[in-house]
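Because only heavy atoms are used, hydrogens play no part in the values below, and waters and symmetry mates are left out as well, while side chains stay in.
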Amino acid sequence: MDVKVSIATIVYPQHQPFTVDHILPLSHLDTDRNMNVPFRYVRAYAAADHQNADPFDVITAALSTALVKFYQYTGSLHRRQSDGRFELHCSVGSGVSVIPATVDSPLSSVNYLDDADEEFIELLVPNPDQEARLTHVLMLQVTRFSCGGFTLGAAVHHVLCDGIGATLFFNAMAEIARGESELKVEPVWDRSKLLGPREPARTEFPIEEFLSLDKDFVPYLGSNEDVVREICNVKDEWLDRFKIFLQEKSGSSFTTFEALGAVLWQARVKASKTPTKEEVKFGYAVNIRRVIQPPLPAGYWGNGCVPMYAQTTAGDLIDKPIWETAQLIKKSKRNVSDEYVHSFIDFQELNYEKGINAGKWVSAVTDWRHLGHSTVDFGWGGPVTVIPLSRNLLGSSEPCFFLPYSAATQGKKDGFKVLLYIHKDAVVGFRGEMEKFVNMEFA
């Protein structure tokens, strides 16, 4: 299926929000080495009977208005000479690139992207090269389908924001597109002030237990070449049965994230044949907007998550029963605290130039089932499908996403799907381990 791409349009703020070029500092969460990547995803919108407007025109007009208050998306990233951290350069007259595209088929022909081929989905999302992603921290693509539906693909540099912060921006665009006179949430910048290091910087939580210092280790470098995409369908019945099994064996109850996370972690490590003495980590992001004291303001749209890790050796992970792995993940959540957040920030302050990383064997997992994507409604209703395309997350090039099925197929399928990236040599072994989960074949 062909995607016909036209020349990009540069969208400028409706009126210039500043008159002098300036530089904005970023927080230590923004400049974490793991954030030096774009995160890319696509939202699919079904045709609406009441809507005859051109989605490209609606979205670019809303973007122009939103950029008055979110003008930082027109900036470019540069490294400071003093310490090598990124800072944001904002120049008068800059804008955001939006690519128009068309597909001469209906969205239903690709099942609203619910199970579409990855090569096709890639054509719906901007994919800037290493240089362009620094000079264009936000790039969009609006692809119109013959049915009247469309997709909105986005490439957002992670240094600027996390998924929650980006959704706040897209919600603002959507409110403008629907004719709202005022934004529900006013954006807040103040990054270095709200999430700056303490004076003096100190690490009272033992962050060094999870993070290493290695200036020569570069996260994600050259690691996507042999990684392939895998999708697993998870039924509610399987999970319910598995949670009962875990509770009977351990005496503890577990969330879906803890229970299924344990299965995926073990399956990946076994299938990858990780050397038994290697330290392996289960990594996930924790929203700290209400954890930190005082809490961050509602309009804060920078990176507001910190990485959390459960860790053990590959040998112990494989040899111990599955419920102990679930308990390890559950126990790691207890570390989430105001002190953990401040210690993480201060660890970045004290050790940034030494090369902070989580090591080689990180299994990164994130749950996208309840992120509020459905609120991003430009007048066609919320997106029926949201698909991530990022392969780099929390220091791992083989991330895993929990995703809902498309709203266009709700009622036809129960449960949800797991989208993950895994080395091609481990795919067969991984599928075998997941089959054991379905059949409850646990020691």
Side-chain angles (χ1 to χ4, degrees), residues 9-15 17-18 24 26-27 29-30 35 37-43 45 55-56 58-77 86 88 90 94-99 125-126 128 133 136-142 150-191 194-195 285 287 289 296-305 368 371-380 382-383 386-390:
T9 295
I10 303 299
V11 177
Y12 301 96
Q14 188 178 51
H15 57 81
F18 57 92
L24 293 173
L26 297 152
S27 80
L29 298 188
D30 295 328
M35 300 303 176
V37 290
F39 62 90
R40 303 168 58 237
Y41 55 108
V42 60
R43 294 178 170 95
Y45 292 84
F56 183 84
V58 171
I59 288 172
T60 52
L63 173 63
S64 178
T65 303
L67 286 177
V68 175
K69 293 191 175 182
F70 288 90
Y71 73 84
Q72 293 86 355
Y73 278 116
T74 69
S76 59
L77 291 169
F86 279 120
L88 188 70
C90 300
S94 297
V96 169
S97 176
V98 185
I99 303 166
V125 183
R133 67 185 55 163
H136 295 82
V137 294
L138 170 67
M139 295 182 69
L140 302 177
Q141 179 174 324
V142 180
F150 66 96
T151 60
L152 176 61
V156 188
H157 204 295
H158 219 324
V159 166
L160 260 288
C161 58
D162 55 18
I164 296 172
T167 299
L168 192 149
F169 167 67
F170 284 114
N171 270 327
M173 282 178 57
E175 290 165 17
I176 293 165
R178 297 196 309 270
E180 299 286 344
S181 58
E182 294 183 2
L183 298 183
K184 292 180 181 177
V185 181
E186 287 291 322
V188 174
W189 181 264
D190 290 341
R191 305 199 174 190
L194 292 171
L195 288 176
N287 182 4
R289 288 164 170 81
L296 294 175
Y300 187 83
W301 59 278
N303 285 283
C305 295
W368 275 40
L371 284 185
H373 288 291
S374 61
T375 59
V376 183
D377 173 8
F378 295 98
W380 283 259
V386 182
I387 301 289
L389 284 168
S390 296

Residues that [X] engages under ring pair (Phe, Tyr, Trp, His ring centres under 6.0 Å), provided they are two or more places apart:
X	result
Phe170	none
Phe18	His22, Tyr71
Trp380	Phe150

Can you tell me how far [atom2] of [Y] sits from [atom1] of [X], rounded to the nearest 0.5 angstrom?
X	Y	atom1	atom2	value
Leu77	Arg133	CG	CZ	11.5 Å
Ser27	Leu194	OG	CG	9.5 Å
Leu168	Glu186	CG	CD	10.0 Å

What residues, two or more places apart in sequence or in another chain, satisfy side-chain hydrogen bond (donor to acceptor under 3.5 Å, both in side chains) together with Ser64?
none
Which residues pass the side-chain hydrogen bond (donor to acceptor under 3.5 Å, both in side chains) test with Tyr41, sequence neighbours left out?
none
Shortest non-hydrogen contact from Val11 toward Thr60:
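Looking at all heavy atoms of both residues, the shortest contact is CG1-O, 3.6 Å.
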Which pair of heavy atoms, one from Ala177 and one from Val58, lies closest together, and at what distance?
CB-CG1, 3.7 Å
I'd like to know whether His157 forms a side-chain contact (heavy atoms from CB on, under 4.5 Å) with Leu138, so could you lay out the CA-CA distance, the side-chain angles of the two residues, the decisive distance to 0.1 Å, and finally the verdict.
CA-CA 7 Å; His157 204 295; Leu138 170 67; over 6 Å; no
For Phe169, which of Tyr73, Tyr300, Trp301 qualifies under ring pair (Phe, Tyr, Trp, His ring centres under 6.0 Å)?
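Of the listed residues Tyr73, Tyr300, Trp301, the ring pair (Phe, Tyr, Trp, His ring centres under 6.0 Å) partner of Phe169 is Tyr73.
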Check step by step if side-chain contact (heavy atoms from CB on, under 4.5 Å) holds for Leu160 and Leu88.
CA-CA 9 Å; Leu160 260 288; Leu88 188 70; 4.1 Å; yes
Is the shortest heavy-atom distance from the side chain of Gln141 to the side chain of Val98 under 4.5 Å?
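No, too far: nothing below the 4.5 Å cut-off.
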Is the closest side-chain donor-acceptor distance between Asp162 and Asn303 under 3.5 Å?
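No, Asn303 and Asp162 have no side-chain donor paired with an acceptor closer than 3.5 Å.
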Residues which pass salt bridge (charged side-chain N to carboxylate O under 4.0 Å, His left out) with Arg40, listed by chain and number, not counting sequence neighbours:
Glu122
Between the main-chain N or O of Lys184 and the side-chain N or O of Glu175, is there a donor-acceptor pair closer than 3.5 Å?
yes
Indicate yes or no for a side-chain donor-acceptor contact from Arg178 to the backbone of Asp377 under 3.5 Å, with no hydrogens or angles considered.
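Yes.
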